[in-house]
Amino acid sequence: MNVIFMGTPGFAVPTLEKLHESAHNVVLVVTQPDKPFGRGKKLKKSEVKEVAESLELEIFQPDKIKKSDNIDILKSYNPDIIVVVAYGQILSKEILTLPKYGCINVHASLLPKLRGAAPLNWAIINGETITGVTTMQMDVGLDTGDMLLKAEIEIDENMNVGELHDVLMQKGADLLLETLDKIEKNQIKPQKQDDS
């Protein structure tokens, strides 16, 4: 499949790397613009951009992805699917419906539990003993789309947010590849989330 990948922080890096190593074709990497950082306010690249450069992938860094010119750029790559992992901007309905298979998100919780921001932190704060990652078909709501696949992990009582982050970013990358494989083979039955 031709894939547009959207992601910004380190959590998204393993998914990009595994996608690049797979049979899928990453046609474009979309990440947040470089930001001033530190005392000298030097521009700092996102972790996804650094990896995309090392893999010699094409990179696009729009201020606002929803602008019509930017949507036209995405269309020009004719993606079969858009993969989103912690990108950091809300996608418009026009983008969500652009590719044949829509947009798939890797979310760092077992949806519908811990929707929204900071699911790793909330898992630790709430004293959860099990969490995981969910791949979902994106829609216009925040983390409200149909669930595709899930992978669980146990949270050790001594585990901190950083350790949980590192486990789930690898688990999410593997789950995403499994999700794409099953989408291509029409082997996934999307499940609605219980909004209550």
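These numbers come from a predicted model, not from an experiment. When a residue number appears, it is its place in the shown sequence, counting from 1.
- Using a 4.5 Å heavy-atom cutoff, the side chains of Ile71 and Ser92 are in contact.
- Within a 6.0 Å radius of NZ in Lys113, other residues, nucleotides and ligands contribute 12 heavy atoms or fewer.
- Between the CG atom in Leu111 and the CE atom in Met136 there is a gap of 6.0 Å [rounded to 0.5 Å].
- Checking side-chain atoms of Glu50 against main-chain N and O of Glu47 turns up no donor-acceptor pair under 3.5 Å.
- A chain of hydrophobic side-chain contacts below 4.5 Å, direct or via other Ile, Leu, Val, Met, Phe, Trp or Tyr residues, connects Phe5 to Leu177.
- With hydrogens and angles disregarded, a donor-acceptor distance shorter than 3.5 Å links the side chain of Asp80 to the backbone of Asn2.
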- Task: List the steps and the verdict of side chain to side chain contact (heavy atoms under 4.5 Å, CB included) for Leu16 and Leu57.
- Result: CA-CA 10 Å; Leu16 175 58; Leu57 295 169; 3.9 Å; yes

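- When each of Lys64, Lys66, Gln32 is paired with Gln89, the side chain to side chain donor-acceptor pair (under 3.5 Å) condition holds for Gln32 and for no other.
- In plain terms, the two heavy atoms of Leu74 and Pro79 that are nearest each other are O-CD, 3.6 Å.
- No chain of hydrophobic side-chain contacts below 4.5 Å, direct or via other Ile, Leu, Val, Met, Phe, Trp or Tyr residues, connects Leu180 to Tyr87.
- The distance from the CG atom of Leu120 to the CD1 atom of Ile125 is 10.5 Å, given to the nearest 0.5 Å.
- Sparse packing is recorded around CD of Glu94, with 12 or fewer heavy atoms of other residues, nucleotides or ligands lying under 6.0 Å away.
- A donor-acceptor pair under 3.5 Å is absent between the side-chain atoms of Thr8 and the main chain of Thr31, judged by distance alone.
- The number of heavy atoms from other shown groups lying within 6.0 Å of CD (Glu154) does not exceed 12.
- Contact record, Ile81 with Gly102: CG1-O, 3.4 Å, taken as the closest heavy-atom pair.
- Under the 4.5 Å side-chain heavy-atom criterion for ILVMFWY residues, a single connected hydrophobic cluster contains both Val161 and Val13.
- Val106 and Leu110 fall into different hydrophobic clusters, where Ile, Leu, Val, Met, Phe, Trp and Tyr side chains are chained together by heavy-atom contacts under 4.5 Å.
- Ile104 places a side-chain heavy atom less than 4.5 Å from the side chain of Ile183.
- Taking every heavy atom of both residues into account, Ile82 and Leu98 meet most closely at CD1-CD2, 4.2 Å.
- Looking only at side-chain heavy atoms (C-beta outward), Gln191 and Lys150 stay at 4.5 Å or farther from each other.
- Val84 and Met1 sit in two unconnected hydrophobic clusters of ILVMFWY residues. Membership requires side-chain heavy atoms under 4.5 Å apart, directly or through other members.
- Between Asp34 and the choices Lys45, Lys42, Lys49, Lys44, the salt bridge (charged side-chain N to carboxylate O under 4.0 Å, His left out) rule is met once, by Lys49.
- Across every non-hydrogen atom of Pro14 and Gln170, the tightest pair is CG-NE2, 3.6 Å.
- One finds the CE atom of Met6 at 11.5 Å from the CG atom of Asn105 (value rounded to the nearest 0.5 Å).
- Annotation: Gln61, atom CD; neighbour count of heavy atoms from other residues, nucleotides and ligands within 6.0 Å is above 12.
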- Item | Worked check of side chain to side chain contact (heavy atoms under 4.5 Å, CB included) between Ile155 and Thr129 | CA-CA 5 Å; Ile155 301 177; Thr129 56; 5.6 Å; no

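- Atoms CG and OG, from Leu28 and Ser76 in turn, are 8.0 Å apart once rounded to the nearest 0.5 Å.
- Of the inter-residue distances, the one linking Glu128 atom CD with Ile153 atom CD1 reads 11.5 Å to the nearest 0.5 angstrom.
- Between Ile65 atom CD1 and Ile95 atom CD1 the span is 5.0 Å, to the nearest 0.5 Å.
- Residues Lys18 and Leu176 have side chains not in contact (no heavy-atom distance under 4.5 Å, counting atoms from C-beta outward).
- Nearest heavy-atom pair across Pro119 and Ala108 is CB-O, 3.4 Å.
- The environment of NZ in Lys100 is sparse: at most 12 heavy-atom neighbours from other residues, nucleotides or ligands sit within 6.0 Å.
- Applying the 6.0 Å contact sphere to CD of Gln187 captures more than 12 heavy atoms from other residues, nucleotides or ligands.
- A donor-acceptor pair is defined here as one N or O able to donate and one able to accept, closer than 3.5 Å; such a pair exists between the side chain of Thr135 and the backbone of Leu149.
- Nearest heavy-atom pair across Ile73 and Tyr77 is O-CD1, 3.1 Å.
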